[in-house]
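Predicted model only: the values in this text are computed from it and were never measured. Naming convention: chains lettered A, B, ... in sequence-line order (proteins, then strands); numbering from 1 in each chain.
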Amino acid sequence: MHDIRLLRDQLDRLREGMARRGKLTELQPLLDRADALEQARRAAITELEAQQARRNKVSQEVAQRRKAGEDATELMAEGRTIGELVSALEQKRAAAEAEVQALLFEIPNIPLDEVPAGDESHNAVVKAWGTPRADGASLQPHWEVGASLGMLDLPRGAKVSGSGFIVYRGLGAKLVRALMNFMLDLHTEQHGYEECWVPLVVTRDTMVGTGQLPKFEEDMYAAPADGLFLIPTAEVPVTNLYREEILDASDLPKALCAYSACFRREAGSAGKDTRGLLRVHQFDKVELVRYASPETSRQELELLTSQAERVLELLELPYRRVLLAAGDTGFSSAMTYDLEVFAPAVGKWLEVSSCSLFTDFQARRANIRYRPAAGEKPRFVHTLNGSALAFPRIIACLLEHGQQPDGTVTVPVALQPYLGRTTLG
RNA sequence: GGACAGGUGGCCGAGUGGUUGAAGGCACCGGUCUCGAAAACCGGCAUACCGGCAACGGUAUCGUGAGUUCGAAUCUCACCCUGUCCGCCA
């Protein structure tokens with residue numbers, strides 16, 4: 001969420017950012033409306049407070065007369081009139097405020113200057129590591145390898161939960177467990193993250209805090225009887241851990257990581273990438289979250305991204321880093337790198353991580369602040385997060401990239417201790 | 001799920017309708033004293049918003065939201081959370 005003051009003070013900057021996202025024509029009427037509403041809101045506040053001040057004076061006068069044993073019925077009547085006026089004005093203020101708020105929720109974050117303008121065709125590959133296998137045509141796709149090795153049972157997953165729900169079995173199930181431990185160990189022991197184990201269902205407030213609601217409600221699984229939502233990523237509970245709190249400057253940067261299952265309805269995805277593990281409703285992921293000071297946050301995006309890349313390097317999977325263009329950058333994000341890994345049999349680059357800097361956009365919404373120094377005013381922190389990494393596509397790539405002529409799959413060295421073997425099959 | 005008890009400033013804690021933004025204490029900051037420190041003493045010490053160039057003025061905030069009242073931390077209702085006991089359960 002943006003600061004309302006942005007509408008008054010930095011309208012040009014806001015417009016320019018929306019233009020790079022390709023959203024200006026869509027949002028322009030909204031910006032105009034928000035501007036007008038904001039003025040109305042402030043006018044209502046001024047008037048309301050003037051009447052409240054009057055009411056307070058009258059009440060004090062009543063108290064004094066009472067004390068002196070004088071009659072105050074006239075003043076009490078006046079107070080009653082003012083009271084009615086006050087509640088009318090209060091309603092007016094609340095209505096204007098709710099509307100401004102609703103509009104602000106519709107405006108995405110402003111991309112950093114270095115983020116290229118335009119839609120996804122302007123995404124830029126900024127780094128590449130490793131060499132993808134060139135013999136993809138002769139390889140089995142991961143769903144066939146997984147099935148023949150007894151690791152994946154997609155038909156029965158669909159039977160018990162519907163399409164898009166996976167059952168891992170045997171070495172497949174153990175692989176999930178191995179990936180979880182491998183990634184968490186790496187981030188806690190070598191990258192300085194504190195491990196968290198978090199709830200998979202959260203309240204509406206929490207979903208609003210990180211920006212999933214109110215705009216993307218139809219994409220979320222919900223438990224309406226309890227007013228709870230299933231998390232689409234561990235980012236939601238982890239970033240909200242410090243909601244409504246003021247951190248000490250010495251707490252920054254704060255680095256948290258968490259494994260979690262993630263639930264996504266992904267409305268409208270039918271037909272695209274539906275085979276195998278490419279797009280599923282429930283998946284596993286290790287997530288990195290950082291709280292940073294505004295001065296270091298940009299640099300910390302590089303750090304966080306490199307830490308996600310480290311996972312891929314240790315898994316010996318060729319990848320590339322893509323700087324997303326403004327139009328492809330997520331609603332709350334100011335800058336995002338995607339990491340893509342090549343799945344040779346499928347013949348596609350698969351997104352396995354998305355590392356984002358949210359500047360103060362989430363922090364303002366969730367009210368997460370820090371005090372730069374004793375006695376100074378609190379400021380909003382900058383939040384960052386990135387997957388490191390999402391499991392299903394990694395599993396797909398491991399199964400395709402590691403395939404050998406005899407049908408077995410080699411296990412990357414780093415994973416061998418966790419899996420207790422050097423090959424699958 | 002049921003029965004009690006309770007939610008007040010960074011922390012502890014007083015306050016049951018009228019200068020209470022809120023006593024007192026702790027912590028913290030500044031000062032006096034001291035070679036220095038501690039102790040003692042003196043002073044300071046919430047946040048957000050509105051108006052104003054500013055000095056400053058005003059409003060709101062005692063878990064959250066509604067209500068009663070001229071006036072609510074204080075009364076009423078609903079909800080949330082915490083504690084204790086009971087029930088149920090992996």
Side-chain angles (χ1 to χ4, degrees), chain A residues 1-10 34-104 197-209 213-214 222-229 237 240-252 254 261 360 363-381:
Chain A
M1 185 173 69
H2 291 293
D3 189 340
I4 291 183
R5 276 172 290 201
L6 211 60
L7 286 169
R8 299 184 230 165
D9 307 338
Q10 299 193 55
D35 193 30
L37 277 168
E38 165 59 7
Q39 286 182 36
R41 185 186 73 92
R42 277 186 296 159
I45 288 174
T46 307
E47 200 184 342
L48 170 66
E49 291 186 350
Q51 293 306 323
Q52 284 174 323
R54 251 184 89 201
R55 184 188 60 185
N56 291 346
K57 279 220 174 75
V58 170
S59 295
Q60 280 181 16
E61 182 71 19
V62 169
Q64 279 178 9
R65 289 213 191 169
R66 280 256 180 118
K67 219 172 196 172
E70 295 169 20
D71 177 64
T73 47
E74 217 171 279
L75 279 174
M76 282 161 70
E78 189 187 348
R80 187 192 304 265
T81 312
I82 298 171
E84 283 162 9
L85 193 55
V86 164
S87 50
L89 287 166
E90 169 57 26
Q91 278 178 18
K92 198 164 144 192
R93 184 202 60 85
E97 192 163 296
E99 212 173 333
V100 172
Q101 184 91 341
L103 289 177
L104 282 174
W197 194 270
V198 293
L200 304 180
V201 292
V202 296
T203 62
R204 176 173 288 274
D205 285 347
T206 299
M207 290 291 258
V208 169
L213 297 184
D226 300 291
L228 296 172
F229 295 84
N240 275 281
L241 244 34
Y242 291 93
R243 179 153 50 91
E244 317 283 336
E245 293 193 33
I246 299 174
L247 298 168
D248 205 74
S250 61
D251 293 332
L252 301 180
K254 188 175 269 298
D360 61 2
R364 176 172 296 108
R365 211 162 159 135
N367 199 18
I368 307 165
R369 295 174 290 171
Y370 77 105
R371 203 179 293 282
E376 278 188 46
K377 285 198 170 191
R379 299 170 70 193
F380 290 112
V381 301

Applying a 3.5 Å limit to both distances, which nucleotide forms a Watson-Crick or G-U wobble pair with [N]?
N: B:rU20; value: none
N: B:rC33; value: none
N: B:rC81; value: B:rG6
N: B:rA54; value: none
N: B:rU76; value: B:rA66
N: B:rC88; value: none
N: B:rC28; value: B:rG44

Side-chain heavy-atom pair A:Met1, A:Gln101 within 4.5 angstrom cut-off: yes
A:Ile4 and A:Arg41, any side-chain heavy atoms less than 4.5 Å apart: yes
Distance-only donor-acceptor check, side chains A:Thr203 and A:Asp205, under 3.5 Å: no
Rounding to an integer number of angstrom, what distance separates [N] and [M] when you compare their [atom1] atoms?
N: B:rG67; M: B:rA73; atom1: P; value: 16 Å
N: B:rU68; M: B:rC56; atom1: P; value: 39 Å
N: B:rG6; M: B:rG21; atom1: C1'; value: 23 Å
N: B:rA23; M: B:rC35; atom1: P; value: 37 Å
N: B:rA72; M: B:rU61; atom1: C1'; value: 13 Å
N: B:rG15; M: B:rU82; atom1: P; value: 26 Å
N: B:rU76; M: B:rU69; atom1: C1'; value: 12 Å
N: B:rA22; M: B:rA27; atom1: P; value: 23 Å

Mind calculating the distance between [atom1] ([X]) and [atom2] ([N]) to the nearest angstrom?
X: A:Asp205; N: B:rG63; atom1: CG; atom2: P; answer: 18 Å
X: A:Arg371; N: B:rA48; atom1: CZ; atom2: C1'; answer: 13 Å
X: A:Glu61; N: B:rC70; atom1: CD; atom2: P; answer: 16 Å
X: A:Met76; N: B:rG18; atom1: CE; atom2: P; answer: 14 Å
X: A:Arg364; N: B:rA48; atom1: CZ; atom2: C1'; answer: 14 Å
X: A:Gln51; N: B:rG58; atom1: CD; atom2: C1'; answer: 13 Å
X: A:Arg369; N: B:rG10; atom1: CZ; atom2: C1'; answer: 13 Å
X: A:Glu244; N: B:rU61; atom1: CD; atom2: P; answer: 18 Å

A:Glu244 atom CD, over 12 foreign heavy atoms within 6.0 Å: yes
Heavy atoms of other groups near A:Glu70 CD, more than 12 under 6.0 Å: yes
Side-chain N or O of [X] closer than 4.0 Å to phosphate OP1/OP2 of [N]:
X: A:Arg55; N: B:rA60; value: yes
X: A:Arg93; N: B:rC49; value: no
X: A:Arg42; N: B:rC49; value: no
X: A:Asn56; N: B:rG71; value: no

Remember a base hit wins even if backbone is also touched, and classify [X] as base, sugar-phosphate or nothing at under 4.0 Å, heavy atoms.
X: A:Gln60; result: nothing
X: A:Leu75; result: nothing
X: A:Val62; result: base

A:Glu49 (side chain) and B:rG58 (base): donor-acceptor pair under 3.5 Å: yes
Base B:rG18 paired with A:Arg66 side chain (donor-acceptor, <3.5 Å): yes
Carboxylate-amine/guanidinium contact A:Arg65 A:Glu61, below 4.0 Å: yes
Closest-nucleotide 5' rank along RNA chain B - winner of A:Gly79 and A:Leu48: A:Leu48
Distance, nearest 0.5 Å, that separates CD1 of A:Ile45 from CD of A:Glu90: 9.5 Å
